[in-house]
Protein chains: 4
Amino acid sequence: MSRMAFFADLMGTLFARRPGNAAALSRVPVTELCETLLSPQGEVSGMQRAREILTQYRAMDDEGKRAFFRHLAEEFDIDPEKLIEAAALYRDNRDPASFTQLRRETEPRRQELLRRLNQAPGATEELVRMRLDLLAMMKDEPDLSRIDHDFAHLFASWFNRGFLVLRHIDWGTPANILEKIIEYEAVHAINDWNDLQRRLRPGDRRCFAFFHPAMPEEPLIFVEVALCKGVPGSIQWLLADGRETVPDSDFDTAVFYSISNCQEGLRGISFGNSLIKQVVEDLRRDLPQIRTFVTLSPVPGLTRHLRAVAGERPEVAALLEAADAKDPGALTPHLPLLKKLTADYLVNVKRPNGLPADPVARFHLGNGALLHEVHVLGDTSANGFRQSCTAMVNYLYDLPKVEENNENFVRDKTVAISKSVRSLLAQNRSSENGEAPGWLEAPQKLLGLSGSQNRS
Amino acid sequence: MSRMAFFADLMGTLFARRPGNAAALSRVPVTELCETLLSPQGEVSGMQRAREILTQYRAMDDEGKRAFFRHLAEEFDIDPEKLIEAAALYRDNRDPASFTQLRRETEPRRQELLRRLNQAPGATEELVRMRLDLLAMMKDEPDLSRIDHDFAHLFASWFNRGFLVLRHIDWGTPANILEKIIEYEAVHAINDWNDLQRRLRPGDRRCFAFFHPAMPEEPLIFVEVALCKGVPGSIQWLLADGRETVPDSDFDTAVFYSISNCQEGLRGISFGNSLIKQVVEDLRRDLPQIRTFVTLSPVPGLTRHLRAVAGERPEVAALLEAADAKDPGALTPHLPLLKKLTADYLVNVKRPNGLPADPVARFHLGNGALLHEVHVLGDTSANGFRQSCTAMVNYLYDLPKVEENNENFVRDKTVAISKSVRSLLAQNRSSENGEAPGWLEAPQKLLGLSGSQNRS
Amino acid sequence: MSRMAFFADLMGTLFARRPGNAAALSRVPVTELCETLLSPQGEVSGMQRAREILTQYRAMDDEGKRAFFRHLAEEFDIDPEKLIEAAALYRDNRDPASFTQLRRETEPRRQELLRRLNQAPGATEELVRMRLDLLAMMKDEPDLSRIDHDFAHLFASWFNRGFLVLRHIDWGTPANILEKIIEYEAVHAINDWNDLQRRLRPGDRRCFAFFHPAMPEEPLIFVEVALCKGVPGSIQWLLADGRETVPDSDFDTAVFYSISNCQEGLRGISFGNSLIKQVVEDLRRDLPQIRTFVTLSPVPGLTRHLRAVAGERPEVAALLEAADAKDPGALTPHLPLLKKLTADYLVNVKRPNGLPADPVARFHLGNGALLHEVHVLGDTSANGFRQSCTAMVNYLYDLPKVEENNENFVRDKTVAISKSVRSLLAQNRSSENGEAPGWLEAPQKLLGLSGSQNRS
Amino acid sequence: MSRMAFFADLMGTLFARRPGNAAALSRVPVTELCETLLSPQGEVSGMQRAREILTQYRAMDDEGKRAFFRHLAEEFDIDPEKLIEAAALYRDNRDPASFTQLRRETEPRRQELLRRLNQAPGATEELVRMRLDLLAMMKDEPDLSRIDHDFAHLFASWFNRGFLVLRHIDWGTPANILEKIIEYEAVHAINDWNDLQRRLRPGDRRCFAFFHPAMPEEPLIFVEVALCKGVPGSIQWLLADGRETVPDSDFDTAVFYSISNCQEGLRGISFGNSLIKQVVEDLRRDLPQIRTFVTLSPVPGLTRHLRAVAGERPEVAALLEAADAKDPGALTPHLPLLKKLTADYLVNVKRPNGLPADPVARFHLGNGALLHEVHVLGDTSANGFRQSCTAMVNYLYDLPKVEENNENFVRDKTVAISKSVRSLLAQNRSSENGEAPGWLEAPQKLLGLSGSQNRS
């Protein structure tokens, strides 16, 4: 305990550091500053130069930034000729000296430049934003992607799981952090502070986020959790204004109903899997009465998929028409069909690489979760009607099986499903078998999926 | 303020994380665990495997560790053939695809392995210790140094200045940290807790250390500071038991009298320069009455150097003989000579690369400090007699000139010296000129130093 | 620093404490529980009983609470007969034994009861709320005020200045504290979180609150501060949406524009004077560029006073009529008069005890402040028109004179005023002298104020 | 969690407060300063005066302090005449006004003086030390005890259980706190930092202390705990250097082997009972495997008692002679007798008020503990031989029975004992019955104890 306090205390200086007087540097061109920063002097007295480069960068317009990136891409690149030479030397000698020389050529100079930029106070956050600019500019200038390799490489090191810190977010969290939770919520929008309070304050709600020590006011990812009695199937029910709080003694299930990545500049650095597992572990320790860990997840690709097949399937077209009305009543006759189609979509519709077409399914199944249940009228918001005709699903994190599920998914692309989903799919097949080779058969046969589904 | 508190709070979880039940993994061979950790499954469920690898490693004897390292060196190395191929492709195409492929070949697989190992709780500290083992084994098996490139590369990223935290160490610091200060003090040994108290508690003493968030109980480097009236010349005077504390209103000088690196496993990652500059900045802010920032430093290579020249210079031999007696009285007649020789040694005696022979001089001059003053009878401990015949020196950190000094030192190998040291050296030359071409002339001429010394 | 961290850490347990299982106690009548709590057993095992009494109290309706208070008033009172006897004994003997016996009779038993109730976790806050109930019930049942003596006595001890903690409130403060700032703001209402943010986030705004360690989520009093260039005269200007933040290098004045007591249950325990002086001291240390510390204060009694005199003074009646229109334009012709009347009201209109009639004036003048400036159109909100016809004033905290001002105010009831206010008042007199013995003359003569006003 | 962090943060200001410039006050006599501090000005600008009074007090010699106390005793006392008058008025009128007047007379002015002194930073600690002086001077000047009533009254309010904070003391605790643990340990002396480390660092040791927020560097009381397998009977065994740490999975018993009050100036304010119960509660929550909570306690009055009876009992005289040799071997033949005598002493030997003669027994039995076991050769230190002929005992805190035990002890002075102690006592009686009416019979009969012992 007191060791944490000691550490807590020392973190203060992270914030107290202030840039020195950099006035003299402000008229030196940024490219020249970069060269000096990489020189031996740069190693010793680089903090001011690093600060100045970042300040100049921030003041640039788009063209300035583009020119800066081009400079990094060209002038700080790997030299393939020298690299080939060094690699050949190492191939022939295999001795420490030639390896050392080789390593000198394998890394573009800009990587060391980025590392030295990071010594300036607050630099980590600015470098994450710099990459955000770069990602945008790469779209129409793919050569700039060379720089992104170095950002990605460094960020993978810097934001390594071992350096992340899990933190409870609640109504006692500083407001400047909470406003970022409002801003970054990506799944079920938080409208205002009252709405936020409804998600954080009740005794049956939790929220957790990962932070990095060098960016202590910026959550990296967060998950919102509802503690329930039983597995819920409707997000509106879960978030209903005026609902009653479930007492501690009653809840048995933790529902992850919203996971939001916060830093677009950290694209490709994956936090979600670690976050879920850490939160499951913490909840199990603190609330042993919780036995079931599930998500309540959207099916974002469903409507698009249904539109693609509606041409050949009039009953699907009718369903879509009813969904367009955004009226639960109109949708009622189509619900059994919707349920079957949803299960089928998630289990059987794949991308060319054999993985599920639905991105949320890919994420949770890839983490070792199992498709547990399908709910219709699970999200009756405008967005819910639009993206999935109101369908939602639960993915179950069954800890003893997570690793096996993950292994099967990675190796064989097998989708782990529950008994209940299995019988839904069986209905699909039998009813279709009775009719004619339906549209759903095709991908199943194609992928030989029928035999590869897990039993749960 | 409260933002720090928020952050302080969140750091708690760094310590609360516990390894899961790894019983099942404990019988899998470590090399197999490494392969799985690098596989796609490893990305998702790697924390337990990482923990298990580190646990197995820790339990290994020297032979086991050596075998483990050989495996890393051979099986996880760069493949030069593939690298040459990819580099040639990039040379010819210069397109993003070929660059991506090239980057895949430039990094040995073991680097990603080390990154994934780091996700286990407490892993950073264990990896630092693992490198310590490696550094020892590299001595008689240089091929293992290939692995050290990856440790050094990762540690340079992880222990980047931007992630370090400066912390006051005082008598209110947790005892588990303080006992490490006792243990790691490398310059003037701290005998026990009473001795430590004398260095931390008085109002005219300070101590600062750098920490890394992932190793919060392990200082990386620390510096001990005495606040004085005027620049002191004797370490025994400075640390005298029973001395009077200088009141706040009286001190005008901060003396860095001991700097100790704590983590041998972080060899090559330099913290000293950043630490000194940060401490200077902090002290200037908190104690504006302090105008002078100097060291009181040993001259560890002096005696060795004098022995080397004593054969040709009988007065030096006499001085050494007096010093061997470890009796200040015996040394008295030789003190003027000792003073001159010390200045001369630090300014004029060089390594083949033109940098000062004395390591402490290299460090401070390389940071942009200036050789300010030479003191005889500055360290009358047994060790002081042995390594420098009692000589000590002050290096001055004159902030407005630090950058210029550093630049001259890096570019021209010029040693910045004070007027007082200059006149000491002038005595040397004139007296020697009066006699005969002395031994000291040679290096001066060789290096053309007479004209290149800074004025301060 | 680390000592604070240590302490910070230990505060945790304040919150972690939980009431034991009190099921068995819940059927014991509260009066019986009170008796047991006061018995020797109560001293040893009283925490559960204390908790139970507080829980039963909280569940009572108004009649139950009234009965509880009557019980405390009657059964736990001082016994005057015994007290007289003990006092007579002490008068005659003056020895330690008789003094001890006397002290036993001077304190009603309910005081020890309240102290023992306080040992339950969270009890302090509940006792503050209990007194709030009592204050309400005392109004129509004055005998209950006997209990309030004990509350007041204990709270004066418990909330002694030496135990209060000053804390910055900013946008990084936990939301549960911030929502209380919104709730408790008593002077210029904070409408919502955006409004709050405008008062806390800009670099030229500050907010400070006193807290008590046993009620860490409940501010006791807070003050909102604007850092300005020069002394402002309009609250709307000060709080204008979209105004520009004053840069650090520009502000020279700290303006206390709102001070709110938060705990009605602590009525009579004064925090405002300590808070202002502590904040002045802290701001002086942290922002030495600030030279002037003033308030921007309402004049809550002004309109009421003007109405009282309007019958005899038609120009005042006209001013009031214009103010009723709540239209700055209509008020314009009356502004010079309003300014003079405001100064006169604050300086010359008194309560029977000779202190200023205006409560805000009493507070700041009693703290040693000086009436610095009068502003018309200073508060053009509906409330501003209503209570003071838009007038606002600055009270100046001129630290070197605060004590002298306070002494004069306490001893002679002298109101310290600035030169500018003095000339305003001189206008009053001269113009009135020119006309006729005005209504304002009377109190001046009565109190002989003309010669007793301070010079500033 | 974050709420604590928020609070932790705010505590910082407790330490940051600094006394203002009090130069002008330093020549005002302390008695005059006291009068001003109690005046209305004192209420407003009293912090500096309070600081000055405390500073002057600290600088006084014994005579100065004695004069100061006499002044407080005489000039700030209750006025019995006025008190009698006010009490009579209240007796006759029973109305709020007369009660208010009465309360004004019941409290000596010095109590408010002490409250106002407490507003100075750090004053609480100085007032505790001031009382320490007073307690010493009261011995030969009993009239000063009148002042002590006010100290005792205020301290009982200020150090109320509701304001205390329980804190783990471990090897990560700041050194300035740990050195106080060394200093204040009153039962089994801690020789140095290594000895301290042996009591804090191992996984089977705990230490807890109460702190007050206004004295965060001063423990009020602390208890040292050993976690054991089974109930131990020897302090040397428990604290043996080189002993093996009991693994978490093995221990089932928490042993309170040392409880030390730290602040003599808080005499009469009892913390021990609360501390033990809080620690028992915390340990039960964190380490559910612990089922038994006992002490390992000295029997400080035993030898004295035995000497008193040795004249009539030659076997006791022989035992004492063997104990004087401080040689366990010599004592061996006497151990059965020693065991019986110890049990008898604790259960049957009483003070005139019927409570046990042994102070440690009074403390634990008064808390509701039960005399669980008697050990001979339990403390073979010189002190152990001297005070109890090596006997030690366990008191058992059996939570479900604590309240009942306490009630019986308070009401009937019944000592709760275990079956094992009961049979020890039965041996006493039967063997003595067999012989002759022994010395032990007398007090038993006298107090009629035979029927009043609890069964456990």
Side-chain angles (χ1 to χ4, degrees), chain B residues 1-19 21 23 122 167-183 185 190-203 205-207 209 211 215-219 222 247-249 286-287, chain D residues 1-19 21 23 122 125 167-183 185 190-203 205-207 209 211 215-219 222 248-249 286-287:
Chain B
M1 273 266 289
S2 55
R3 299 171 191 209
M4 292 175 214
F6 168 82
F7 185 62
D9 179 39
L10 69 86
M11 299 312 298
T13 47
L14 273 174
F15 307 82
R17 266 188 268 143
R18 277 158 303 189
N21 180 343
R167 166 149 179 59
H168 287 244
I169 301 293
D170 59 26
W171 193 239
T173 297
N176 60 329
I177 305 288
L178 292 184
E179 74 177 346
K180 287 184 179 148
I181 298 294
I182 296 179
E183 178 188 346
E185 161 67 8
I190 301 173
N191 299 313
D192 56 22
W193 287 82
N194 292 329
D195 199 2
L196 178 71
Q197 201 177 147
R198 278 195 296 273
R199 300 211 195 171
L200 298 182
R201 196 162 218 177
R205 297 297 149 103
R206 297 289 186 281
C207 181
F211 286 81
M215 291 167 61
E217 301 191 6
E218 278 290 339
F222 64 89
D248 281 35
S249 49
D286 295 346
L287 299 168
Chain D
M1 273 266 290
S2 55
R3 299 168 192 210
M4 290 178 217
F6 167 83
F7 185 63
D9 179 39
L10 69 87
M11 298 312 298
T13 47
L14 272 176
F15 305 83
R17 266 190 268 144
R18 277 158 304 188
N21 179 341
E125 207 172 322
R167 164 146 181 62
H168 288 242
I169 301 292
D170 59 26
W171 193 239
T173 297
N176 59 330
I177 305 289
L178 292 184
E179 74 177 346
K180 290 191 174 140
I181 298 294
I182 296 179
E183 179 188 344
E185 161 66 272
I190 301 174
N191 299 313
D192 56 22
W193 287 83
N194 292 329
D195 198 3
L196 178 69
Q197 201 176 146
R198 278 195 295 275
R199 300 213 194 168
L200 299 183
R201 196 163 218 175
R205 295 298 149 103
R206 296 289 187 280
C207 181
F211 287 81
M215 293 168 58
E217 301 191 5
E218 278 291 339
F222 63 92
D248 282 35
S249 48
D286 296 345
L287 299 167

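Within every chain, numbering begins at 1; the chains are lettered A, B, ... in the order of the sequence lines, protein sequences first and strands thereafter.
The two atoms that bring B:G172 and D:P174 nearest to each other are O-CB, 2.9 Å, heavy atoms only.
Of the inter-residue distances, the one linking B:W193 atom CH2 with D:I182 atom CD1 reads 9.0 Å to the nearest 0.5 angstrom. Between atom CG of residue D:N176 and atom CG of residue B:L200 there is a gap of 11.0 Å, rounded to the nearest 0.5 Å.
Annotation: side chain of B:E179 is in contact with side chain of D:W171 (closest heavy-atom distance under 4.5 Å).
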